[in-house]
Amino acid sequence: MNVRQLLDERLGEAFGRVTKEWAPALVSPASRPEYGDYQANGAMAVAKRLKTNPRKLAEDVVGASDLTGIVAETEIAGPGFINLTLSQEFLKGTLARAQLVTPAAKPERIVIDYSSPNLAKSLHVGHLRSTVIGDATARTLELLGHTLYRQNHIGDWGTPFGMLVAYLEGQDQSSNDLGDFDHFYALASERFENDPAFAETARKFVVDLQSGKEAALTQWKQFIELSSSHMQRIYDQLNISLNPDHTRGESAYNNDLAQVVTDLDQAGLLSLSDGAKCVFLKEFTGKEGKPLPMLVQKSDGGYLYHTTDLAALRYRHKVLNADRILYFTDGRQNLHFRMLFAVAHASEFVPKSTKLEHHPFGKLLDSTGRPFRSRDGSTIPLAQLVEQAHERARAVVRSKSSNLDEIEFDEVVHAIAIGAIKYADLSKNRLNDYTFDWDSMLAFEGNTAPYLQYAFARIQSLFARGNFDPESYRKDITLENQNERELAVQICRFQETLELVGREAMPHHLCAYLYELTSRFMRFYETCPVLDAPEKDRESRLALCVHTAKTLETGLDCLGIATLTRM
RNA sequence: GCGCCUGUAGCUCAACGGGAUAGAGUAUCGGCCUUCUAAGCCGAGGGUUGAAGGUUCGAGUCCUUCCAGGCGCGCCA
């Protein structure tokens, strides 16, 4: 249940009754514990508009509101804040519900375009943020009951593929498992540079490919399969929910590109400028105030990524019937997407009712503030990043854990390594540049994935020691002390947090929530004995543990981070 | 030149349609393990929110100007 929304609606109605007009209650979590659980800030703004006393208005609103069974205590504070404290019954009732997450009343069909690497090269750190943030958003929206269409818009077409296919052809097929994918790419481009005959063959491949020659296509497909399996291995390691079904690359739109240009022309949007076909929209200007074109066809007849993106957008509207389309790319593509959306609407390829959202994110920096790269300046493959995380995690787990057999040890190392990489990224507001720092990420102290995993493991340990089956455990909760109560309140805020993340495509809110949940649990755990408590307390506290564990597990699952029963 | 993004504690980051005394983690210092995992808990210090104006009962958040950094602006994606 979305508690914040419930309060906002109830108080909003009261505001309406009192002021005889629409006025938002502006309910948010209380900024300080002494102000209760939630606060409504709407009175001051409305009072000013109506030229009346805000404290008096706040009192009238509280008097006119129906908060029975929800709020135990209200208080008017300061210039007109309404502070709300949830009632014991409400907290108990909310926790007693079998359903942890309430699905959306109006589920949407949501397309989410993320990861989208170019298959000419292996996945590298440049793909990390889009992949990890997009995936967490997708999982969250899916949990909220929406229908998700993950779209991995991979780069699988164009000049580099001629080179790679040509190189692949010259190789002994049996030795080409592409285990060292980047090495393969490097060899191919080196040969392309230094071997004119090879370069000629490669160019011929591109021509053959684009004219649809059967043999070239077969070899191209073979290469794409090879490269895709490399990509899938990385996704699997990182626990990314993308699979081959979600792949719909640039090549999928080849046959529609000419039609896109024709349709733009029919819509009266197409101009010819320096031999290239493009769309001018008056809201976009470039240097010296000149109109800024969006090029859709080069003077040599070739198409551009704008064209492909328009075709993809049309597919997502016409075929997938999307209500909402999200893109996760770095901020540099901001202008591209603004133009893309504007042209899509102007051409009526996509109706205005379809929400088009670009969700940009900042760069990956190293601790000196420079772009995150390896020592020699080259980009870091994700495979290498993952391996390094495992190495570091192995050292820490070895030093901290005992009593883990070999299989468990590997499992713990893997969950911690992957969790650390993803959580470090997900826990930050994506708009900012992000400083990638192994040491703080794998220190495993404070606000990190292992902290959450550790809390979960502690709870599981309680269940194991007490021989409880958390799945079937249903007992009433009584909130006797402050730490129990604060834990319960936080659990009840899960729904509103998920909805916030889904609305804004900002998973860091979920991380902040889970961290707060975990620290409240840790305080509870330190101060409230569970297994050794008297029968009544024991049942209630175990029930609190069950809810905490379930919430943690579900939340971490949204982030694509594994939980552990021991560590 | 025009446009977009960013600037918060030593460091890494929060602050959700403007809200109460700007919060965490880390680092530093001091406490807490014969009792459910110390990867933990409790406490202390640490700030002119890049600068200056303005709007407002109230500004890290909105407006203006400036400073600093990053990115983008026709045939790559």
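All values derive from a computational prediction rather than experimental measurement. Just so you know, these numbers use all the heavy atoms, side chains as well, and skip hydrogens, waters and symmetry mates. Proteins get letters first, then strands, A, B, ... in listed order; numbering begins at 1 in each.
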Ring centres under 6.0 Å, that's the criterion: do A/Tyr327 and A/Phe341 meet it? yes

From CD of A/Gln482 over to P of B/C42, roughly how many Å is that when rounded to an integer? 14 Å

Side-chain N or O of A/Arg458 versus OP1/OP2 of B/A39: is the shortest distance under 4.0 Å? no

Re B/G3: Watson-Crick or G-U wobble partner, both distances kept under 3.5 Å, found to be B/C71

State which of B/C73, B/C76, B/C4 makes the closest approach to the side chain of A/Asn334. B/C4

Geometric class of the A/Tyr305/A/His336 ring pair [parallel <30°, tilted 30-60°, perpendicular >60°]: parallel

Could you measure between the two P atoms, the one in B/A9 and the one in B/G23, and give it in whole Å? 14 Å

Nearest-Å distance for atom pair CG/C1', residues A/Asn41 and B/G17: 11 Å

When the nearest nucleotide of RNA chain B is assigned to A/Pro29 and to A/Glu445 on a heavy-atom basis, which residue is associated with the more 5' position? A/Pro29

Under-4.0 Å side-chain N/O to phosphate OP1/OP2 contact, A/Thr435 with B/C13: yes

Watson-Crick or G-U wobble partner for B/C66, using a 3.5 Å limit on both distances? B/G50

Are A/Arg392 and A/Phe444 in a cation-pi contact, defined as NZ or CZ under 6.0 Å from the six-membered ring centre and within 45° of the axis? no

Could you check how far CD of A/Glu526 sits from P of B/U37, rounded to whole Å? 11 Å

A/Tyr35 and A/Phe81 aromatic centres sub-6.0 Å: no

I need the CG-C1' distance between A/Leu514 and B/G25, as an integer number of Å. 16 Å

Does B/C4 have its OP1 or OP2 closer than 4.0 Å to a side-chain nitrogen or oxygen of A/His336? no

OP1 or OP2 of B/A15 versus the side-chain N and O atoms of A/His508: is any pair under 4.0 Å? yes

For A/Ala512, answer base if it contacts any base atom (sugar-phosphate contacts may also be present), sugar-phosphate if it contacts only those atoms, and nothing otherwise; contact means non-hydrogen atoms under 4.0 Å. nothing

From B/C42, B/G17, B/A20, pick the nucleotide closest to the side chain of A/Arg523? B/C42

Please figure out whether A/Leu531 or A/Leu304 has its closest RNA chain B nucleotide nearer the 5' end. A/Leu531

Taking atom C1' in both B/U26 and B/G45, what distance in whole Å separates the two? 15 Å

Distance criterion of 3.5 Å, no angle test: do you see the side chain of A/Ser519 paired donor-to-acceptor with the base of B/A24? no

Please determine whether any donor N or O and acceptor N or O are separated by less than 3.5 Å between the side chain of A/Arg538 and the base of B/C36. no

Under 4.0 Å, counting only non-hydrogen atoms across every strand here, what does A/Ala77 touch: a base, just sugar-phosphate, or nothing? base

Over 60° means perpendicular and under 30° means parallel, so classify the ring planes of A/Phe161 and A/Phe223, tilted if in between. perpendicular

B/G69 P sits how many Å from A/Tyr434 OH, rounded? 25 Å

B/U8 and B/U49: how far apart are their C1' atoms, nearest whole angstrom? 4 Å

Closest of B/C41, B/C36, B/A39 to the A/Val397 side chain is B/A39

Any A/Ser461 side-chain nitrogen or oxygen under 4.0 Å from OP1 or OP2 of B/U37: yes

Where do A/Asn483 and A/Tyr525 land on the side-chain hydrogen bond (donor to acceptor under 3.5 Å, both in side chains) test, with the steps shown first? CA-CA 9 Å; A/Asn483 286 332; A/Tyr525 183 87; over 6 Å; no

Measure from CG on A/Asp433 to C1' on B/C5 and round the result to the nearest Å. 9 Å

Presence of donor-acceptor pair under 3.5 Å, side chain of A/Tyr305 and base of B/A77: yes

Options B/A39, B/C73, B/A15, nucleotide nearest the side-chain atoms of A/Asn429: B/A15

If we take the C1' atom in both B/G58 and B/C42, what is their distance in whole Å? 35 Å

Does OP1 or OP2 of B/C41 have a side-chain N or O of A/Tyr451 closer than 4.0 Å? yes

Looking for any heavy atom pair under 4.0 Å, which part of the strands does A/Met294 touch: base, sugar-phosphate only, or nothing? nothing

Between B/A44 and B/G53, how far apart are the C1' atoms? Round to whole Å, please. 38 Å

Contact class for A/Thr565 (heavy atom, under 4.0 Å): base, sugar-phosphate, or nothing? base

Side chain of A/Ile416 only, heavy atoms from C-beta on: which candidate in B/C41, B/C36, B/A39 is closest? B/A39

Find the partner of B/U8: check Watson-Crick (N1-N3 plus N6-O4 or O6-N4) and G-U wobble (N1-O2, O6-N3) distances, both under 3.5 Å, and reply none if neither fits. none

Gap in Å between the two P atoms, one belonging to B/C76 and one to B/G17, rounded: 43 Å

Just compare B/C4, B/C57, B/G17 and give me whichever is closest to any side-chain atom of A/Asp8. B/G17

Measure from CZ on A/Arg520 to C1' on B/G25 and round the result to the nearest Å. 17 Å

Is the distance from the ring center of A/Phe494 to that of A/Tyr513 below 6.0 Å? yes

Stacking check: are the rings of A/Tyr515 and B/A24 less than 5.5 Å apart at their centres and under 30 degrees in tilt? no

For atom C1', what is the distance between B/U61 and B/C16, given to the nearest Å? 11 Å

Closest to side chain of A/Arg338, choosing from B/G3, B/A20, B/A39: B/G3

Counting only side-chain heavy atoms from C-beta out, which of B/A15, B/A14, B/G17 sits nearest to A/Lys428? B/A14

Between A/Glu21 and A/Arg49, does at least one N-O distance fall below 4.0 Å, as a salt bridge requires? yes

So A/Cys511, base contact, sugar-phosphate only, or nothing? Heavy-atom distance under 4.0 Å. nothing

Using a heavy-atom cut-off of 4.0 Å across all strands, would you classify A/Ser273 as base, sugar-phosphate, or nothing? base

No-H, no-angle donor-acceptor pair, A/Arg566 side chain to B/U37 base, under 3.5 Å: no

Residue A/Tyr454, side-chain heavy atoms: nucleotide from B/U37, B/A14, B/G19 that is nearest: B/U37

So, does A/Asn432 get its side chain near the phosphate of B/A14, meaning an N or O under 4.0 Å from OP1 or OP2? yes

For B/C16, the Watson-Crick or wobble partner whose two distances fall under 3.5 Å: none

Closer than 4.0 Å, any side-chain N/O of A/Lys298 to the OP1 or OP2 of B/C76? yes

Ion pair present between A/Asp405 and A/Arg566, side-chain N to carboxylate O less than 4.0 angstrom? no

On the ring face of A/Phe409, is A/Arg394 found with NZ or CZ under 6.0 Å from the centre and within 45° of the axis? no

Selection from B/G74, B/U21, B/U37 that lies nearest to any side-chain heavy atom of A/Pro293: B/G74

Should B/A38 form a Watson-Crick or G-U wobble pair with both distances under 3.5 Å, which nucleotide is its partner? none

Given atom CG of A/Asp425 and atom P of B/U12, what is their separation to the nearest angstrom? 16 Å

Suppose you measure atom P in B/G60 against the same atom in B/A22; what distance do you get, rounded to whole Å? 9 Å

